Visitor: 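Take this structure, written in structure tokens, and hold onto it; I'll ask about it next.
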Amino acid sequence: MAYQRRISFLIGLDSAIVLFSIYIGYFILHPYMNIYSPSTLLISSLTLLVSHHLFAAIYRLYHKAWEYASVRELIAIVKAVTFSIALTAIVQLVAFHDVYFRVLMITWMLHVLSIGGSRFTWRFYRDNYLLKPKVNRKRTMIVGAGSGGSIVVRQLLSKDSEFEPVLFVDDDLKKLRLQIHGITVLGTTRNIPYLVEEHGIEHIIIAIPSLNRQQIKNIYNQCAKTEAKVQIMPLIEDVITGRLSVSQLRDVAVEDLLGREPIELDIEAIAETVTGKTVLVTGAGGSIGSEICRQISVFQPKKLVLVGHGENSIYQIDMEMRKRYKGLIDIIPVIADVQDRERMFDVLAEHQPDVVYHAAAHKHVPLMEYNPKEAVKNNIFGTKNTAEASANARVKRFVLVSTDKAVNPTNVMGATKRVAEMVIQQLDREFPNTTFTAVRFGNVLGSRGSVIPLFKKQLVEGGPLTVTHEDMTRYFMTIPEASRLVIQSSVLARGGEIFVLDMGEPVKIVDLARNLIKLSGYTEEEIGIHFTGLRPGEKMYEELLNENEVHPEQIFPKIHIGKAGVVEGEVLWKFVSCLPQKGNNELRDNLIEIANTKENLKAVMEEAVI
């Protein structure tokens, strides 16, 4: 029905209902009480009619989509009717010096029942007769009988859904056998395999947005015993930040199964450091850099400077930030190479940031084994250029994004990041007006060049998934977790620290591969896993938190301060300045030796300079 015709129809229908209600109320009482004169009835009717349309307009009763009517719409009807009856009572009191309560109460009751009934009758008729249900709907189990599960079931009960809700499971025993929207809670999460088989379930939806990752992992382990496809509501952190709505379902991802709690930030301290300030991020188009920009923007800095070498990646994060924070944050995209010392000094001098997050780096381990000079130029000299430019611009805080591969490195990439940490620590001593610090964390799931995108590409190609060794393990964290740690560390920094995250238990790469195969709807036999052997520079295990590397006490939940050898500035600068003159093999050997030296570092570095 067209909009104007629909409005006219509802106004005419409501007018008939209003007049019907007051006249029926009058005639119900008239045989027993001769209380209304014709003039009283006429004035009361006209007042009720006008007031009803007035309050119907105020509460927008003629603009609601009644095919989706719910309790909220019913409350709007009750308010409009109640206020129109109240206004009629006031008119009666003024005009006739009396209020006819019994007639008005009967009128109110008939009014609410008729108006509400007309709207909900249309929804009932539409849902049950006009809309044809989809055939072959998938029988669906809902995990979680709370508010999230209620939202999901309401959506699935519509005829245009491809899923048919059959039952709930919930670990709250008080909800057992209760019904929500006509769907019964039949068991707990431990009963998932049995209930799937018993009721022919084809689809499982995990509908608890407040779940932590360990709880998701436990529930998924039960779901994995079945052949049903599993989907999940967004995590509560994604709902709070506005990325996703509660009703948006997605497939369970490998990141959900890490079983780690997200880092809780010191919101007030971060806001004090960032809100209303100028923040500059290098490598802003990369996985970590772009996520730092997203997380920082929540705290409303005055200006956000996006520095990167690749124009496409900077363009993408620039467009994303402008769309989300248009008019709230001054977004400045800057194309610059951290290896270009003069350019970095110009950028920092122009924008005068309060905080710098240095995420620009070469991070690919095997690739840097073949290109050690490029690793040195970008990871060491790029860091030195940006850090010294920051000190020259009197930046208050500088944070270097480092890596767990800087711990006892066996490869060029890790060794260059360790030397970059030394550079930062030395500059912190030389420039007291700027607080320099570094942050180490493990592998980031989903980042460019990480194992998950590679596995997904291999899945699309039909397999097999390639794993270097059956026993290889890595510490993993998600991109948002890594970015939060970097941001939190900028607040905790007092100068010269290397922060290290307690990343929980290491994960076997082969287990990640098997989980991804299962989540994608395949079996290991269909896709296959091929072991290729260690690549140049790779370690079987990463080290983060052994007693030789960190101080045991945590300065913030899940954050330690690492132990790291320091050397006098003059020797360090001589060593750094001589690196470009070395050949690839000598460069690789010197870097790895220096990065692994715990004692007599000065002597070893002096020897490398000669």
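A quick note: this is a predicted structure, and the numbers were derived from the prediction, not measured.
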Visitor: Could you check whether any side-chain heavy atom of Ile498 comes within less than 4.5 Å of a side-chain heavy atom of Gln425, counting everything from C-beta outward?
Guide: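 A side-chain contact exists here, since the closest heavy-atom pair is under 4.5 Å.
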
Visitor: May I ask you to decide if Ile331's main-chain N or O and Arg322's side chain share a donor-acceptor pair within less than 3.5 Å?
Guide: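 Confirmed, Arg322 side chain pairs with Ile331 backbone.
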
Visitor: Side chains of Met422 and Leu601, heavy atoms from C-beta outward: is any pair under 4.5 Å?
Guide: yes

Visitor: Please tell me whether Thr383 and His358 have a donor and an acceptor in their side chains that are separated by less than 3.5 angstrom.
Guide: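 Result is yes, a qualifying pair exists.
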
Visitor: Judged by atom type as modelled, is there a donor-acceptor pair below 3.5 Å linking the side chain of Asp318 to the main-chain atoms of Pro333?
Guide: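 Checking the backbone N and O of Pro333 against the side chain of Asp318, no donor-acceptor pair under 3.5 Å is found.
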
Visitor: How far apart are the closest heavy atoms of Val576 and Lys384, and which atoms are they?
Guide: CG1-CD, 4.3 Å

Visitor: Is it true that a side-chain atom of Asp340 and a backbone atom of Arg343 form a donor plus acceptor pair closer than 3.5 Å?
Guide: yes

Visitor: Is it the case that Ser490 and Tyr357 place a side-chain donor and acceptor less than 3.5 Å from each other?
Guide: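 Side-chain D/A pair, Ser490 to Tyr357: present.
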
Visitor: Counting N and O atoms only, with roles assigned by atom type, does the side chain of Thr437 sit under 3.5 Å from a partner on the main chain of Glu497, one being a donor and the other an acceptor?
Guide: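 Such a contact is found between Thr437 side chain and Glu497 backbone.
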
Visitor: Taking side chain to side chain contact (heavy atoms under 4.5 Å, CB included) as the definition, give me every residue that meets it alongside Glu570, ordered by chain and number, with sequence neighbours left out.
Guide: Lys574

Visitor: Donor-acceptor check, side chain of Asn392 to backbone of Glu388, threshold 3.5 angstrom: yes or no?
Guide: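 No, Asn392 side chain to Glu388 backbone: no donor-acceptor pair under 3.5 Å.
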
Visitor: Please check if any side-chain donor atom of Gln458 sits under 3.5 Å from a side-chain acceptor atom of Thr466, or the reverse.
Guide: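 Judged by distance alone, the side chains do pair up.
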
Visitor: Report the C-alpha separation of Thr410 and Ile592 in whole Å, then their side-chain angles, then the decisive distance to 0.1 Å, and conclude whether the side-chain contact (heavy atoms from CB on, under 4.5 Å) test is met.
Guide: CA-CA 6 Å; Thr410 59; Ile592 293 176; 5.7 Å; no

Visitor: What pairs with Lys396 under side chain to side chain contact (heavy atoms under 4.5 Å, CB included), at least two apart in sequence or on another chain?
Guide: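 For Lys396, the residues satisfying side chain to side chain contact (heavy atoms under 4.5 Å, CB included) (neighbours in sequence not counted) are Asp354.
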
Visitor: Does Asp330 use its side chain to pair, donor to acceptor, with the backbone of Lys303 at less than 3.5 Å?
Guide: no

Visitor: Considering non-hydrogen atoms only, spot the tightest contact between Ala387 and Leu427 and give its length.
Guide: CB-CD1, 3.3 Å

Visitor: Flag the pair Leu591 / Thr416 as yes when at least one side-chain heavy-atom distance between them is below 4.5 Å, and no otherwise.
Guide: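 In contact.
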
Visitor: Contact between Asn584 and Asn371 at the side-chain level, heavy atoms closer than 4.5 Å - yes or no?
Guide: no

Visitor: With a 4.5 Å limit on heavy-atom distance, are the side chains of Val467 and Thr532 in contact?
Guide: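 No. Closest side-chain heavy atoms not under 4.5 Å.
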
Visitor: Run the side chain to side chain contact (heavy atoms under 4.5 Å, CB included) test against Met413 and tell me which residues pass, sequence neighbours left out.
Guide: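 Expected list: Val365, Met368, Asn379, Thr403, Lys405, Asn411, Lys417.
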
Visitor: Does any N or O in the side chain of Arg394 come within less than 3.5 Å of the main-chain N or O of Thr434, such that one atom is a donor and the other an acceptor?
Guide: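 The answer is no, because no donor-acceptor pair under 3.5 Å joins these two groups.
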
Visitor: Indicate yes or no: at least one non-hydrogen side-chain atom of Thr386 is less than 4.5 angstrom from one of Phe398.
Guide: yes

Visitor: Establish, from distance only, whether the side-chain atoms of Glu421 and Ser402 form a donor-acceptor pair under 3.5 Å.
Guide: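 Side-chain D/A pair, Glu421 to Ser402: present.
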
Visitor: Decide, yes or no, whether a salt bridge links Glu320 with Arg294 under the criterion of side-chain N to carboxylate O below 4.0 Å.
Guide: yes

Visitor: Evaluate the side-chain proximity of Ile517 to Leu465: yes if any heavy-atom separation is below 4.5 Å, no if none is.
Guide: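 With C-beta onward as the side chain, the pair touches.
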
Visitor: Tell me if a side-chain donor or acceptor on Glu369 pairs with a main-chain N or O of Val412 at a distance below 3.5 Å.
Guide: yes

Visitor: Would you say that Pro301 contacts Val279 through its side chain, given a criterion of any heavy-atom pair below 4.5 Å between the two side chains?
Guide: yes

Visitor: Checking the side chain of Asn385 only, and the main-chain atoms of Phe381 only, is there a donor and an acceptor separated by less than 3.5 Å?
Guide: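 Confirmed, Asn385 side chain pairs with Phe381 backbone.
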
